[in-house]
Protein chains: 2
Amino acid sequence: MGYKSDIEIAREADKKPIQEIGAKLGIESKDLLPYGHDKAKVSQSFINSVQDRADGKLILVTAINPTPAGEGKTTTTVGLGDGLNRIGKKACVCIREASLGPNFGMKGGAAGGGYAQVVPMEEMNLHFTGDFHAITSAHSLLSAMIDNHIYWGNELEIDVRRVVWRRVVDMNDRALRQITASLGGVANGFPREAGFDITVASEVMAILCLANNLQDLQKRLGDMIVAYRRDRSPVFARDIKADGAMTVLLKDAMQPNIVQTLENNPAFVHGGPFANIAHGCNSVIATTTALKLADYVVTEAGFGADLGAEKFLNIKCRKAGLSPSVVVCVATVRAMKMNGGVAKADLGAENVDAVKAGCPNLGRHIENLKSFGVPVVVAINHFVTDTDAEVQAVKDFVAAQGAEAVLSRHWELGSEGSADLATKVAELADSGVANFAPIYPDEMSLADKIQTIAKRIYRADEALMDQKIRDQLKLWEEQGYGNLPVCMAKTQYSFSTDPSLRGAPTGFSVPVREVRLSAGAGFIVAVCGEIMTMPGLPRTPSAESIMLNEDGQIEGLF
Amino acid sequence: MGYKSDIEIAREADKKPIQEIGAKLGIESKDLLPYGHDKAKVSQSFINSVQDRADGKLILVTAINPTPAGEGKTTTTVGLGDGLNRIGKKACVCIREASLGPNFGMKGGAAGGGYAQVVPMEEMNLHFTGDFHAITSAHSLLSAMIDNHIYWGNELEIDVRRVVWRRVVDMNDRALRQITASLGGVANGFPREAGFDITVASEVMAILCLANNLQDLQKRLGDMIVAYRRDRSPVFARDIKADGAMTVLLKDAMQPNIVQTLENNPAFVHGGPFANIAHGCNSVIATTTALKLADYVVTEAGFGADLGAEKFLNIKCRKAGLSPSVVVCVATVRAMKMNGGVAKADLGAENVDAVKAGCPNLGRHIENLKSFGVPVVVAINHFVTDTDAEVQAVKDFVAAQGAEAVLSRHWELGSEGSADLATKVAELADSGVANFAPIYPDEMSLADKIQTIAKRIYRADEALMDQKIRDQLKLWEEQGYGNLPVCMAKTQYSFSTDPSLRGAPTGFSVPVREVRLSAGAGFIVAVCGEIMTMPGLPRTPSAESIMLNEDGQIEGLF
């Protein structure tokens, strides 16, 4: 094709010193804590100093249900940020950090693609500024303190069968999913079943991403439930006295990271909670800080709009008092075709009918997003194989939904290709038409919240909850957790819980298999289907071919 | 007493930007990778560029056998470095990084004390520049890849009962010492016994600290033995194809960290292997880099001279081609008294006889150190309760050994208090009298190397090795490991293996309980006594009182 790979483009980037990037947002060198020459954290004292400023406009980038064709949500987020800067707006992007472990399973990583990337790409996919390591440490400290408490007499009367706090490691290590710990005799404690999740699944990660400041962080850490007694009463991290030391370990990690796009525009990259058992957005502190420093802040949510945007709007925006001005829903001609029944191998050939057949998936997302009171723009993320007729078919469909679809060629052209999208987005953001509200009130019962999401967003007939689950939800309501929002954990590939049901399915139910309480993060998780919180490595992990080449460059990571 | 605490002094430090500190060693800003404003890594390209320069003089700081009274080895290392700078020498210090986990057990950490400290003290005791996290990640990747290899068919025919690669975490977590992993059914692998050590006990840590460069690092990582087959043939990390990706994870961690003393002199702080199952010194790359940049490099070794200095001289110096010009042996009047039989509570009262009774411990260390062909200076690390008569008793004893003892008051006075010591050390270093050689040749049999250390350093009658151990050593010799040095793992509190035998005991044997092969690090470990590679937390861990105060300062860590 003659196109350069993402990593080739990233390596050719003309990066500016991070101090120059910070200066674009009015951050002085003294307020930037550099990590090398191209990464920095924004100091807490600077963040404190800008709290009285007015907020910029918040733009959420979400997408149709993911398909193997790829939608380019992060690429569009970065491209739109660059596009806004190109048309003279003061804009920055806010995205999530990458998890270390999965990079060693499949080639992956990257932050955006083509000419819409954030750099330094390699560091961002390795240790970056150490945030995830800090989360692992804080989580591990609490883990050790729980078993240590039991070891030294168990004054809190923890039922060792009911320790719900699992350990974490930032690595795909299936051998640790289920273990028996504290073996080997008296000196090693009381044997019990335990297990590890991957770090991004830690409640500490979700908390770091939802906390407004260090005080709030410590309070939420203390609120986490780590175990139950035989009488089923909860034991909190605060009871273990771990919340203070965990906060110390997370002090630096709470400061958001700033890097740059290929076009030298500022980008916040901070936090990365799971998008199934957690809310899947970058940190509140990065978003709120960016809003104080830029006129337009472009951020994204995990998975498709049914999961990611729903949680962004119902959980993150609700909790952080955020109010988006526009939502951009990313679609591609290729993904429309796959939703219309075309196999991945056949995506290269023009097929306008298939595009049209796949559009109802997009249509439902548009309708859902509008129901939050926010205007929607569809970004057609252009692939070089797209034909004019196919693009027009998407545009016509979206127009019929009362929205507008804009073709964006940022992947190929950078901001030159996204200027039209940026112009449309800025126009809508400035119009003031947004009137955001979550789709359910805090006061609604937990069961009804689940039903609301299932019916209004997924268009299911109903959510199925058995007596045990309904009783559990009622118990939490009695314990004072009834006002929490709900975090849905289901497949990202369908509106339903069946990943093979593409398009805009109807006539299905959403079975809730299990409910969990994340008392520190502040949400109830409704698990609908198999959720894997510790991935494994494939037969031939990408790690086998990752190495430094003779020039000291990393090979095999991307 | 009116004296300020270490943390109070550290917080009052007038720190200079790390670029100014680097400039003192001729490192330009572009060659420093900053971590905040007061920490940096020295770039690999800069290190490569100075390889043709002549080396400065290497000064080792070691000590008598540790007592609960404290000897102040790191404090003396830092004080001596400042003292050398004060008398006009271009000097820097090289010390180890602190392990994160143990800080949450007992109050601790700190790098030096009083007015001889390295700063920023808090960061150095928390995440610092992330080196230990990188080691944990690299170690964890290999762990996951081993079980993943077994899961997908075990082509290498690993005997799951003979996986010798344990996992690590940088936390005191006794519950993980011994576990059963891969439980839960087919999807999670083949159940087997496993366990965790603390990160500093990882062979990856020892390798990082002994590797000359990234190529050497990767070779050594590949050389590590992770398991054996049923026919007892070894399986290497290279066979698992983990060495390349591990090197990528350790790429940044291999670059030494530079910080500053309270007097704004440069200090390298890099690496921190266990001093029992490993060699207990800072990284070779930090030491060799420092020697290219400074005229005098002051470094230290773990524990007392019988363990730390012996390993520094027989392992690190041998492997890295280093040749120390002077050894400084730190002693205190208080520790002499404890070696002379005084209880800790009675140390405040003058007791010249007890000082004299304890001196033979120091005498034996002096004699041992001289046997390596290096001149010895005794630094009497001054405590405010020491009387003149007590100090004189130590001086007289040392003079009778043909060496000189110099009183040093760096703890109280900084470099003003250590200028005399620095003058004496520089004089000896410049005299060229050193004629260093390890005390055993590479070609000696492994059993004889153990006997040599036991007899010549510990003054034992003999090392006791049963048939099984002798056979194991012979097998390793047949496999080509016979030329490796020996790393002794025994109590630090006595020349013998009985921690209660203070002073200069004779008439004892050294039972070797177990031998281990660290094929990547490049030494045989002789375990003489109980060695704990995963500490536990105490009944009331210091973590319970660690927190941020209202000013955002860390309380309870020190």
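These values consider heavy atoms only, across backbone and side chains, with no hydrogens, waters or symmetry-generated copies. Every chain is numbered from 1 and lettered A, B, ... according to where its sequence line falls, protein lines coming before strand lines.
Proximity to chain A is absent for every atom of B:S43, based on heavy atoms less than 4.5 angstrom apart. Heavy atoms closer than 4.5 Å to chain B are found nowhere in A:M246, neither backbone nor side chain. Proximity to chain A is limited to the side chain of B:L214, based on heavy atoms less than 4.5 angstrom apart. For B:M534, no part sits under 4.5 Å from any heavy atom of chain A, backbone or side chain. With a 4.5 Å cut-off on non-hydrogen atoms, B:L32 touches chain A through its backbone but not through its side chain. Neither the backbone nor the side chain of B:F190 comes within less than 4.5 Å of any heavy atom of chain A. Using a 4.5 Å cut-off between heavy atoms, B:R167 touches chain A through its side chain atoms alone. Residue contact with chain A, scored on non-hydrogen atoms closer than 4.5 Å, is absent for B:D170. Using a 4.5 Å cut-off between heavy atoms, B:H133 touches chain A through backbone and side chain atoms alike. Looking at B:A242, there are no atoms closer than 4.5 Å to chain A (heavy atoms on both sides), in backbone or side chain.
Heavy-atom pairs under 4.5 Å with chain B peak, among A:K30, A:Q44, A:H37, at A:H37. In terms of non-hydrogen atom pairs under 4.5 Å with chain A, the most contact-rich of B:P191, B:G195, B:P538, B:S143 is B:P538. Comparing B:G185, B:A134, B:G101 by heavy-atom pairs within less than 4.5 Å of chain A, the highest count is held by B:A134. Of the listed residues (A:I554, A:T136, A:T180), the one with the most heavy-atom contacts under 4.5 Å to chain B is A:T180. Between chain B and the options A:L33, A:L126, A:D243, A:D173, the largest number of non-hydrogen pairs under 4.5 Å is found for A:D173. Interface remark: of the candidates B:L100, B:L537, B:V169, B:D147, B:L537 forms the most heavy-atom pairs closer than 4.5 Å to chain A. Your options are A:G184, A:G244, A:P34, A:G189, and the one with the most heavy-atom pairs under 4.5 Å with chain B is A:P34. Of the listed residues (A:P17, A:S45, A:S137), the one with the most heavy-atom contacts under 4.5 Å to chain B is A:S137. Comparing A:A187, A:G130, A:A40 by heavy-atom pairs within less than 4.5 Å of chain B, the highest count is held by A:A187.
Once rounded to the nearest 0.5 Å, the distance linking CD of B:E544 with CG of A:N148 reads 8.5 Å. Atom CG of B:L249 and atom CE of A:M171 lie 6.0 Å apart (nearest 0.5 Å). Annotation: the span from A:H149 atom NE2 to B:T540 atom OG1 amounts to 11.0 Å, rounded to 0.5 Å. Distance check: A:Q178 CD to B:I179 CD1 gives 12.0 Å after rounding to the nearest 0.5 Å. If you take CG on B:N103 and CG on A:L141, they are separated by 10.5 Å, rounding to the nearest 0.5 Å. Atoms OG and CG, on B:S182 and A:L176 in that order, are 7.5 Å from each other to the nearest 0.5 Å.
The two residues B:A175 and A:A181 make their nearest non-hydrogen contact at O-CB, 3.5 Å. The minimum heavy-atom distance linking B:A245 with A:A543 is given by the pair CB-O, 3.5 Å.
The environment of B:E550 atom CD is sparse: at most 12 non-hydrogen atoms of other residues, nucleotides or ligands sit within 6.0 angstrom. By the neighbour-count criterion of 12 heavy atoms within 6.0 Å, atom CD of A:E155 is sparsely surrounded, having that number or fewer from other residues, nucleotides or ligands. Within 6.0 Å of NZ on A:K15 lie more than 12 heavy atoms contributed by other residues, nucleotides or ligands. Other residues, nucleotides and ligands place no more than 12 heavy atoms under 6.0 Å from the CD atom of A:E193.
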Exercise for the section: Would you please test A:T247 and B:M547 for side-chain contact (heavy atoms from CB on, under 4.5 Å) and show each step? Expected result: CA-CA 7 Å; A:T247 304; B:M547 60 192 67; over 6 Å; no
Exercise for the section: Could you please spell out the steps behind the side-chain contact (heavy atoms from CB on, under 4.5 Å) verdict for B:D252 and A:Y35? Expected result: CA-CA 11 Å; B:D252 293 338; A:Y35 283 69; over 6 Å; no
Exercise for the section: Could you go through the side-chain contact (heavy atoms from CB on, under 4.5 Å) check for A:L548 and B:K251 one step at a time? Expected result: CA-CA 9 Å; A:L548 293 179; B:K251 177 177 66 82; 3.6 Å; yes
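A:N188 and B:R174 form no side-chain donor-acceptor contact under 3.5 Å, judged by distance and modelled atom types alone.
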